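So the structure is just underneath, and the comments pick up after that.
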Amino acid sequence: MELFNNIDWAGLLVNTGLILLKLIAILIVYAIVKAIGNRFIERTFSKVSEKQNMSEGRSNTLMNLAKSIFSYVLIFMAAAIIFETFGFDIKALIAGAGIIGLAVGFGAQGLVSDVVTGFFILLEKQMDVGDYVTAGGFGGIVEEVGLRTTHIRSFDGTLNYVPNREISALSNHSRGNMRALVDIGISYDDNIDEAIRVIQGVCDNVAATNEAVIEGPDVLGVQNLGSSDVVLRVLCRTQNMEQWGVERQLRKEIKEALDANGIEIPFPHQVYVEKKEQ
């Protein structure tokens with residue numbers, strides 16, 4: 001009880017209050033510096049991309065990476081200042097962290113592999129933010145390329161976090177013009193040459209009205225002889241990410257044109273045989 005009474009409560013409260021004020025000040029300064037730094041990075045990359053004719057996707061990729069590195073450095077500096085505020089020797093902590101980090105490093109080979117793979121993905125410009133890719137078993141639009149993970153947004157809205165070490169093979173569907181391909185089946189009873197003429201007329205109309213078409217569309221001819229139909233193939237080249245819209249337009253207008261010219265598109269039929277009792 002005597003020891004409890006000998007505690008300088010006033011001094012303890014003052015010291016605690018000063019530490020809390022320092023922590024609050026550190027957090028405020030951290031937030032301000034982070035906001036200013038991010039704004040500076042955004043403006044810098046905006047100017048550089050204009051001067052160097054850098055693509056928007058590449059600019060966003062490098063800008064997000066720079067923001068991540070800046071945030072990690074800022075967090076480390078804030079943590080060091082907070083440790084010093086509580087009276088810890090930051091040099092001893094760094095030395096201890098180095099020894100511990102060396103020991104942990106042997107068990108963190110996956111993390112090292114992520115960083116190395118991510119470095120080469122960025123260096124070789126394999127993908128940028130906004131690209132449509134298939135990587136690590138996921139397909140979708142790239143939202144972020146980091147040194148550890150890559151964020152891919154699937155077309156159903158799912159955001160996939162893919163460790164870079166899982167990207168053993170990568171397909172980038174956003175480099176250059178894309179191909180729109182449509183297969184149309186007609187009946188064996190219909191005239192193939194007449195069907196090709198009708199479909200080619202539709203293709204010429206789509207080429208004249210759709211600015212996304214780069215080359216074609218053209219009817220290549222008979223692609224396959226199916227069990228109940230003759231398959232004709234239509235092919236064209238389109239602007240990147242516009243191939244699906246062109247394919248949908250071709251299917252719709254070809255269907256309408258074939259119907260208007262009395263050319264049948266076969267579909268499965270079911271025949272029911274009813275056996276009457278004698």
Side-chain angles (χ1 to χ4, degrees), residues 55-58 60 126-143 151-160 169-275:
S55 66
E56 182 179 356
R58 186 62 179 171
N60 290 335
Q126 296 179 14
M127 58 180 163
D128 294 321
V129 172
D131 285 355
Y132 166 38
V133 302
T134 300
F138 300 97
I141 306 299
V142 178
E143 290 200 351
H151 301 174
I152 300 177
R153 177 81 65 178
S154 298
F155 290 109
D156 64 356
T158 304
L159 182 59
N160 306 290
L170 187 151
S171 299
N172 193 322
H173 310 289
S174 297
R175 300 292 169 87
N177 297 327
M178 301 303 291
R179 185 180 70 172
L181 186 149
V182 175
D183 285 338
I184 298 292
I186 64 171
S187 169
Y188 275 98
D189 295 330
D190 290 311
N191 186 288
I192 294 177
D193 292 332
E194 176 65 15
I196 291 177
R197 184 190 65 78
V198 172
I199 295 174
Q200 187 60 53
V202 173
C203 293
D204 295 340
N205 180 66
V206 171
T209 57
N210 194 324
E211 297 180 353
V213 175
I214 302 298
E215 180 182 347
D218 294 306
V219 182
L220 300 184
V222 177
Q223 177 65 21
N224 187 34
L225 298 176
S227 59
S228 61
D229 62 352
V230 178
V231 180
L232 304 179
R233 171 158 292 184
V234 177
L235 183 67
C236 74
R237 294 195 176 275
T238 71
Q239 296 176 3
N240 192 268
M241 303 297 288
E242 298 293 336
Q243 63 270 25
W244 302 296
V246 174
E247 287 178 353
R248 288 191 292 269
Q249 182 183 1
L250 282 169
R251 291 189 186 99
K252 176 180 179 295
E253 296 192 12
I254 289 174
K255 170 64 167 61
E256 293 173 347
L258 293 179
D259 288 344
N261 287 271
I263 299 175
E264 179 186 358
I265 298 179
F267 59 92
H269 292 75
Q270 290 183 341
V271 178
Y272 294 92
V273 178
E274 182 180 355
K275 184 176 181 181

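On a predicted model such as this, the values are computed, not experimentally measured, just so you know.
- For the atom pair CD1 of Ile199 and CG of Asp204, the computed distance is 12.0 Å after rounding to the nearest 0.5 Å.
- Considering Val219, Ile196, Leu220 as possible partners of Val234, the one that fulfils the side-chain contact (heavy atoms from CB on, under 4.5 Å) test is Val219.
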Return a table of donor-acceptor pairs under 3.5 angstrom between the side chains of residues 205-215 and protein atoms on other chains or two or more places apart.
| from | atom 1 | to | atom 2 | distance (Å) |
| --- | --- | --- | --- | --- |
| Asn205 | ND2 | Glu253 | OE1 | 3.3 |
| Thr209 | OG1 | Asn205 | O | 2.9 |
| Asn210 | OD1 | Ala212 | N | 2.9 |
| Asn210 | ND2 | Gln249 | OE1 | 2.7 |

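- Listed by chain and number, the residues in a salt bridge (charged side-chain N to carboxylate O under 4.0 Å, His left out) with Glu242 amount to none (sequence neighbours excluded).
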Original post:
Could you go step by step and tell me if Gln126 and Asn172 meet the side chain to side chain contact (heavy atoms under 4.5 Å, CB included) rule?
Top reply: CA-CA 8 Å; Gln126 296 179 14; Asn172 193 322; over 6 Å; no
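- Residue Arg153 qualifies as enclosed at atom CZ: its count of foreign heavy atoms under 6.0 Å is above 12.
- Contact of the Val142 side chain with the Asp128 side chain is not registered, since no non-hydrogen atoms from C-beta on lie closer than 4.5 Å.
- One distance of note links CZ of Arg251 with CD1 of Ile184; it measures 7.5 Å at 0.5 Å rounding.
- Residue pairs meeting the ring-ring contact (aromatic ring centres under 6.0 Å, His included) criterion with at least one member in residues 224-265, sequence neighbours excluded, are Tyr132-Trp244, Phe155-Trp244.
- Note that CG of Leu181 and CZ of Arg237 are 11.0 Å apart. Values are rounded to the nearest 0.5 Å.
- Two residues are said to be in side-chain contact when any heavy atoms from C-beta on lie closer than 4.5 Å; Asp189 and Glu264 fail this criterion.
- Smallest separation of non-hydrogen atoms from Pro217 and Gln200: O-NE2, 3.4 Å.
- Distance check, rounded to the nearest 0.5 Å: CG of Leu235 to CG of Leu250 gives 10.0 Å.
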Original post:
Passes side chain to side chain contact (heavy atoms under 4.5 Å, CB included), Asp193 versus Arg197? Steps please.
Top reply: CA-CA 6 Å; Asp193 292 332; Arg197 184 190 65 78; over 6 Å; no
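- Between Glu247 and Ala180, the shortest heavy-atom distance links the atoms OE2-CA, 3.5 Å.
- For the atom pair CD1 (Ile254) and CD1 (Ile186), the distance works out to 11.5 Å, reported to the nearest 0.5 Å.
- Sorted by first and then second residue, the ring-ring contact (aromatic ring centres under 6.0 Å, His included) pairs involving residues 195-238 (not counting sequence neighbours) form an empty list.
- Evaluation of the ring-ring contact (aromatic ring centres under 6.0 Å, His included) test over residues 219-242, restricted to residues two or more places apart or in two chains, returns none.
- With values rounded to the nearest 0.5 angstrom, Leu232 atom CG is found 10.5 Å from Asn224 atom CG.
- Minimum heavy-atom separation, Val246 to Cys236: CG1-SG, 3.9 Å.
- Applying the ring-ring contact (aromatic ring centres under 6.0 Å, His included) definition to pairs two or more places apart or across chains, none involves residues 199-227.
- Side-chain atoms of Asn261 do not come within 3.5 Å of backbone N or O of Ile263 as any donor-acceptor pair.
- Remark: the backbone N or O of Gly226 is paired with a side-chain donor or acceptor of Tyr188 at under 3.5 angstrom.
- The shortest non-hydrogen separation linking Gly185 to Asp229 is CA-OD2, 3.8 Å.
- When all heavy atoms of His173 and Met178 are compared, the pair lying nearest together is O-SD, 2.9 Å.
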